[in-house]
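One structure is given here, and the rest of the page talks about it.
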Amino acid sequence: MMGAEPLIDFRAVSMEYQSTGGERTTVFRSLGLTINAGEFACVIGPSGCGKTTLLNMIAGFVAPTSGEVLFKGQPIREPGAERGCVFQEYSLFPWLTVEENVEFGLRCQGVPAGERRDLVERHLSLVGLANTRKKYPFELSGGMQQRVGIARALINNPAVLLMDEPFAALDAITRNTMQSELLSIWKATGTTVFYITHNIEEAVFLGTRAMVMSSPPAMIAHAVQIELPHPRERTTADFNAIYRELETALYSHIDPKLLRKS
Ligand SMILES: Nc1ncnc2c1ncn2[C@@H]1O[C@H](COP(=O)(O)OP(=O)(O)O)[C@@H](O)[C@H]1O
Ligand SMILES: [Mg+2]
């Protein structure tokens, strides 16, 4: 599309951490990356390559050392409800019930109680949790806690859902179920998803684009547009061809030092 503005735009982004011992880690050097509205963009990379740092810059939790990250054309300066986050740890408030967790953002924004109740109901149904509204996080399975986390992010009607290995701690069966449900949610809401994983299969199952990150200073070493229609079959030749392409790219861009650490 001519003149279409990317939703998220990394422009010559460099990111350096300085440890307390004074040594510097250059995670990114002049990284460029754009995410368009409506995409389900997956980023794959080994532990320590900078995936969380990348997501944190979009979320507005950390600022690049140089360069800028634009959201709808404006530099990101702080977190915002338009960029909803879901992390690997469930990060729910343990002292609040499911519905209180989900309505937390709305309460902060001063949305009136009646409106909050409707929105909470709609979003709990969306993630299949309509009957657990009065429960506390400790009463829920890991998968259910992640559903609460997703509902809590979605209730602010975000333009993008930022997901950092959200299903990595779940057992394989629950993970597969959650992946399918996330796809339904993505279709139903039309939100953009930026999804971080170290699992190649997950990226091929979910993404409209999968990107492989190299070891630091990290670049997008390889990207594949995935045209397979959803729902996808994990065992087809097409699926496997993309899987192998990503796997080859991943292993040819991993610093052997990172492999030894993990
Ligand atoms: N707050 C921080 N201070 C210093 N170094 C950090 C900090 N956060 C991350 N790093 C370093 O930056 C690199 C990338 O980390 P991270 O973005 O968490 O990678 P990933 O999510 O891919 O595992 C790692 O070497 C990590 O040790
Ligand atoms: Mg991480």
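All residue numbers in this chain count up from 1 along the given sequence. Counting convention: from 1, in listed order, for ligands and their atoms alike. Side chains included, hydrogens not; waters and symmetry mates left out as well; all remaining heavy atoms used.
- Atoms of ligand 1 found under 4.0 Å from any heavy atom of Pro46, numbered from 1 in the order shown, are 22 (O).
- Here the side chain of Ser214 pairs a donor or acceptor atom with the backbone of Met219 at under 3.5 angstrom.
- Remark: Ile44 CD1 to His222 NE2 distance equals 9.5 Å, nearest 0.5 Å.
- A cation-pi arrangement, defined by a distance under 6.0 Å to the six-membered ring centre and an angle within 45 degrees of its axis, is absent between Arg116 and Phe104.
- For the pair Cys49 and ligand 1, the shortest N or O to N or O distance falls below 3.5 Å.
- Remark: side-chain polar atoms of Thr197 are paired, donor with acceptor, to backbone N or O of Asn199 under 3.5 angstrom.
- At least one N/O-N/O distance between Thr52 and ligand 1 falls below 3.5 Å.
- Among the atoms of Lys51, some N or O lies under 3.5 angstrom from an N or O of ligand 1.
- Although no hydrogens or angles enter the test, the distance criterion places a donor-acceptor pair under 3.5 Å between the side chain of Glu39 and the main chain of Asn36.
- Between the CD atom in Glu202 and the CE atom in Met178 there is a gap of 10.5 Å [rounded to 0.5 Å].
- Among Thr53, Val43, Thr26, the residue whose heavy atom sits closest to atom 15 (O) of ligand 1 is Thr53.
- For Gly48, the closest heavy-atom approach to ligand 1 falls below 4.0 Å.
- Between the CD atom of Glu99 and the CG atom of Leu124 there is a distance of 7.5 Å, given to the nearest 0.5 Å.
- Close contacts between ligand 1 and Ser47 involve ligand atoms 23 (O) [criterion: under 4.0 Å to a heavy atom].
- Among the backbone and side-chain atoms of Thr52, an N/O/S atom is found under 2.8 Å from the Mg ion (ligand 2).
- Atoms of ligand 1 lying under 4.0 Å from any heavy atom of Val27, numbered from 1 in the order shown and given with element: 12 (O), 13 (C).
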